[in-house]
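We name chains A, B, ... by the order of the sequence lines, and we start the count at 1 in each one.
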There are 2 protein chains.
Amino acid sequence: MKISELAERTGLSAHTIRYYERIGLMPPAPRNGATHRQYDERALNWIEFLGRLKTTGMPIRQMLRYAELRAAGPSSNAERKALLSEHRDAVRQHVEELIACLEVLGAKIASYDD
Amino acid sequence: MKISELAERTGLSAHTIRYYERIGLMPPAPRNGATHRQYDERALNWIEFLGRLKTTGMPIRQMLRYAELRAAGPSSNAERKALLSEHRDAVRQHVEELIACLEVLGAKIASYDD
DNA sequence: CTACAACTTCGAGCGCACTCTAAGTCAATA
DNA sequence: TATTGACTTAGAGTGCGCTCGAAGTTGTAG
């Protein structure tokens with residue numbers, strides 16, 4: 001598929017997809033006749049996974065590290081797993097924090113009923 | 001207390017506290033002899049509450065709106081409550097999203113054990 | 001009274017993550 | 001073949017939330 005279709009299917013803009021490639025988040029896309037980028041389902045899956053990382057607050061720096069490991073092949077599996085595990089711990093902690101804030105928020109909201 | 005103590009107790013920098021005042025997030029602090037800012041516990045509580053809003057992802061714009069309503073007095077209670085309720089809904093939704101991402105993350109992590 | 005750390009204002013600078021513009025090239029359709 | 005719309009690059013611009021620096025003033029300890 002072309003970049004416009006990938007953009008539509010991921011919800012990103014074509015600009016952003018090129019930006020991701022530029023900074024190394026996406027592998028250089030193969031070209032249709034040395035010019036236009038051609039994408040497959042793998043690219044779609046990758047962007048969707050990046051989206052999860054982003055939603056969960058991972059900074060681009062760290063995604064970049066993960067992308068590098070991915071590009072390095074299966075020998076980096078252990079490190080990739082470690083990276084994701086650490087991130088998961090951070091996300092879990094953040095969720096706990098949010099839930100605690102929801103308590104406070106709920107109390108505040110209830111206090112307006114006095 | 002002076003700004004340095006408030007900074008220490010809130011974890012913000014004095015720079016940031018002045019910035020908050022500048023943009024209207026904090027009410028103008030009373031001065032000790034027309035110069036140095038003097039804070040009380042209420043200021044501390046307010047900053048801590050702002051911290052909850054920030055942790056839960058509220059943009060400064062919206063905090064500003066809330067701060068304005070607060071400054072307007074009790075007549076704004078209904079609107080304040082509505083604002084916080086909406087925010088709470090958004091936070092709850094975000095937590096759901098994070099939990100869904102944790103599932104995906106967990107699956108990915110497990111997949112490295114093959 | 002002097003020294004000096006902590007305060008003051010104003011405005012510039014920064015890091016992040018895009019987002020957009022300009023100017024040009026290419027591919028598919030009529 | 002001509003048009004037209006989507007693609008290309010490089011680089012500048014944006015919005016957010018601080019963060020810092022410079023230059024000057026003030027309050028307190030010795």
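- Taking atom CD of B/E21 as the reference point, atom P of C/dC10 lies 11 Å away to the nearest angstrom.
- The distance from atom CG of B/L25 to atom P of D/dC18 is 9 Å, rounded to the nearest whole Å.
- Within the structure, every side-chain polar atom (N or O) of A/R22 is placed at least 4.0 Å from both OP1 and OP2 of D/dT8.
- For the pair A/T35 and C/dA27, the criterion of a side-chain N or O lying under 4.0 Å from OP1 or OP2 is met.
- Distance OH (B/Y20) to C1' (D/dT19): 12 Å, rounded to an integer number of Å.
- At the phosphate of C/dC20, neither OP1 nor OP2 sits under 4.0 Å from any side-chain N or O atom of A/R18.
- For the OP1/OP2 pair of C/dC20 and a distance below 4.0 Å, the side-chain nitrogens and oxygens of A/Y19 include no atom meeting the criterion.
- Atom-to-atom, CG of B/L6 to C1' of C/dC7 comes out at 14 Å; the value is rounded to the nearest Å.
- With B/N45 contributing its side chain and B/E48 its backbone, the two residues share no donor-acceptor pair below 3.5 Å.
- Close to D/dG27, at under 4.0 Å from its OP1 or OP2, lies no side-chain N or O of B/R31.
- B/I3 places its CD1 atom 11 Å from the C1' atom of C/dA6, with the value rounded to the nearest Å.
- One atom, NZ of B/K2, and another, P of C/dC7, lie 6 Å apart when rounded to the nearest Å.
- When the P atom of D/dC16 is taken as reference, atom CD1 of B/I60 falls 9 Å away, rounded to whole Å.
- A distance of 9.0 Å separates CD of B/E97 from CZ of A/R52, quoted to the nearest 0.5 Å.
- Heavy-atom nearest nucleotides on DNA chain D were determined for B/P59 and for B/H36, and the one closer to the 5' end corresponds to B/P59.
- The side chain of A/S13 contributes no N or O atom lying less than 4.0 Å from OP1 or OP2 of C/dC18.
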